[in-house]
Amino acid sequence: MNRVYNFSAGPSVLPEEVLETARDEMLNWHGSGMSVMEMSHRSKWYDEIIKKAETDLRDLMNIPSNYKVLFLQGGAWTQFAMVPMNLMKKGKADYVNTGSWSKKAISEARKYGKVNVVASSEDAGFTYIPELNPETFSRDADYFYITTNNTIYGTRYTKLPETGNVSLVADMSSNILSEVYDVTKFGLIFAGAQKNMGPAGVTVVIIREDLISDVQPEVPTMLQYKVHAENSSLFNTPPCYSIYICGLVFEWLKKLGGVPAMQKINEEKAAILYDFLDNSKMFKGTVRKEDRSLMNVPFVTGDKDLDARFVKEAEQKGLVNLKGHRSVGGMRASIYNAMPVEGVKKLVEFMKEFEAKNRI
Ligand SMILES: *Cc1c(COP(=O)(O)O)cnc(C)c1O
């Protein structure tokens with residue numbers, strides 16, 4: 001069996017153990033005589049699966065009981081619209097522009113109300129997290145929006161903005177469960193599953209109960225948090241199989257020691273790569289040091305042809321999907337929770353080899 005080290009930004013690598021369990025349970029889940037794919041979402045078996053997934057996620061993130069956990073569809077993109085549709089009661093929100101995903105969220109929100117962009121790092125190609133000055137925040141905003149980890153540029157917040165009584169909303173798609181967060185600091189957290197939780201198809205929303213309320217009647221039923229909250233994510237058919245795999249990933253993470261243990265491993269993994277980048281004469285990281293992501297590591301040689309050759313030769317060594325996002329160029333190694341330390345070590349080994357062979 002030839003498994004590669006997959007550095008894809010998403011959909012991305014899953015723990016091998018999880019895939020093996022899914023394989024073993026594929027035809028007959030726990031004596032049910034059927035695959036999870038074939039089960040009614042109203043069956044007692046599926047009830048067990050979705051409840052376990054929720055309980056384990058609550059344990060992992062220490063989610064208080066006054067928060068609902070929702071398993072929705074439509075990806076993070078749908079949340080760009082659902083957030084303003086449900087939360088913009090006064091018609092005003094603050095956003096921080098830290099890159100492409102923030103920008104998309106901002107333009108969706110503008111369809112529903114006034115958006116105040118309090119800070120941006122666009123002036124330097126989103127290579128840093130801008131300084132936030134609470135004096136520029138709108139005191140009467142419905143919420144304050146950030147993207148905790150910027151998948152394309154490889155930046156992340158190392159401290160959260162102090163928003164006072166205004167609820168903090170976070171797109172955590174690419175770093176949920178990778179480091180410890182205090183959920184009580186947020187009003188709403190959302191994340192598409194396909195980076196750090198499971199297969200594409202399910203989007204997790206963690207929302208404080210007081211933010212769940214009736215909305216304008218013209219908001220489509222499927223886009224109302226209240227509907228999903230009242231029906232425990234089973235209003236209509238949920239993405240059953242994706243939720244099941246997320247559940248297996250949560251179990252895997254718990255066995256490993258939970259998020260604090262995972263964070264430690266992630267810090268180790270990222271340090272291996274960043275230390276090499278800081279000392280290399282050929283490869284350079286592109287992000288301001290203090291804002292570096294633990295999950296997505298972009299780097300360049302400064303020479304497009306050399307970049308392309310690196311990506312190609314890495315692929316021949318089983319180190320795949322290292323090409324940078326089309327808007328940034330160069331390379332990007334996504335080293336999510338499921339990327340083993342060995343994968344990062346192999347990558348650095350190959351970078352050393354490549355540098356030695358191509359010394360200018
Ligand atoms: C991948 C990603 C998205 C888009 O997710 P979809 O599920 O494709 O809608 C949004 N935000 C961030 C931070 C991402 O990494």
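By convention here, the first residue in the shown sequence is residue 1. Each ligand, and each atom within it, is numbered from 1 in the order the structure gives. Here the structure is a predicted model, which means the values were calculated and not measured.
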Undergrad: Applying a heavy-atom cut-off of 4.0 Å, say which part of T203 lies close to ligand 1: side chain, backbone, both or neither.
TA: neither
Undergrad: Please test D291 against R288 for salt bridge (Lys or Arg N to Asp or Glu O under 4.0 Å), starting from the C-alpha separation and ending with a verdict.
TA: CA-CA 6 Å; D291 302 328; R288 184 166 76 178; 2.9 Å; yes
Undergrad: Could you tell me the residue and atom name of the protein heavy atom closest to atom 15 (O) of ligand 1, and the distance to it rounded to 0.1 Å?
TA: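 Minimum-distance protein heavy atom for atom 15 (O) of ligand 1 reads T151 OG1, 2.4 Å.
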Undergrad: Measuring from E17:CD to E251:CD, what's the distance to the nearest 0.5 Å?
TA: 10.0 Å
Undergrad: Any chance you could measure N175, atom CG, to Y157, atom OH, to the nearest 0.5 Å?
TA: 11.5 Å
Undergrad: Measure centre to centre between the rings of F310 and F283, then say whether the value is under 6.0 Å.
TA: yes
Undergrad: Give me the ring orientation class for F190 and F80: parallel if the planes are under 30° apart, tilted from 30 to 60°, perpendicular past 60°.
TA: perpendicular
Undergrad: I need the atoms of ligand 1 closer than 4.0 Å to a non-hydrogen atom of F80, numbered in the order shown.
TA: 10 (C)
Undergrad: Yes or no: does K104 have any heavy atom under 4.0 Å from an atom of ligand 1?
TA: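 Checking ligand 1 against K104, which is what was asked, there is no heavy-atom contact under 4.0 Å.
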Undergrad: May I ask whether G192 places a heavy atom under 4.0 Å from ligand 1?
TA: no
Undergrad: Closest non-hydrogen protein atom to atom 5 (O) of ligand 1, residue and atom name please, with distance?
TA: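 Sorting protein heavy atoms by distance from atom 5 (O) of ligand 1 puts A76 CB, 3.4 Å first.
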Undergrad: For ligand 1, which atoms sit closer than 4.0 Å to a heavy atom of T147?
TA: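 Once the distances to T147 are compared, the set is 13 (C).
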Undergrad: Quick check on contacts: which atoms of ligand 1 are under 4.0 angstrom from a heavy atom of G75?
TA: 7 (O), 9 (O)
Undergrad: Please determine whether a side-chain nitrogen of the Lys or Arg among K52 and E48 lies less than 4.0 Å from a carboxylate oxygen of the Asp or Glu.
TA: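 Salt bridge absent between K52 and E48.
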Undergrad: Using a strict 4.0 Å threshold on nitrogen-to-oxygen distance, state whether D140 and K90 make a salt bridge.
TA: no
Undergrad: Checking contacts here: is it the side chain or the backbone of W77 that comes within 4.0 Å of ligand 1, counting heavy atoms only? Could be both or neither.
TA: both
Undergrad: So which heavy atom in the protein is nearest atom 8 (O) of ligand 1, and how far is it from that ligand atom?
TA: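 Minimum-distance protein heavy atom for atom 8 (O) of ligand 1 reads Q194 NE2, 3.6 Å.
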Undergrad: In the protein, what heavy atom is nearest to atom 1 (C) of ligand 1, and what distance, to one decimal place, separates them?
TA: K195 NZ, 1.3 Å
Undergrad: What protein heavy atom is closest to atom 11 (N) of ligand 1, reported as residue, atom name and distance in Å?
TA: D171 OD2, 2.6 Å
Undergrad: Kindly determine whether Y95 and F144 satisfy ring pair (Phe, Tyr, Trp, His ring centres under 6.0 Å), including the steps that lead there.
TA: CA-CA 6 Å; Y95 278 68; F144 188 104; 8.6 Å; no
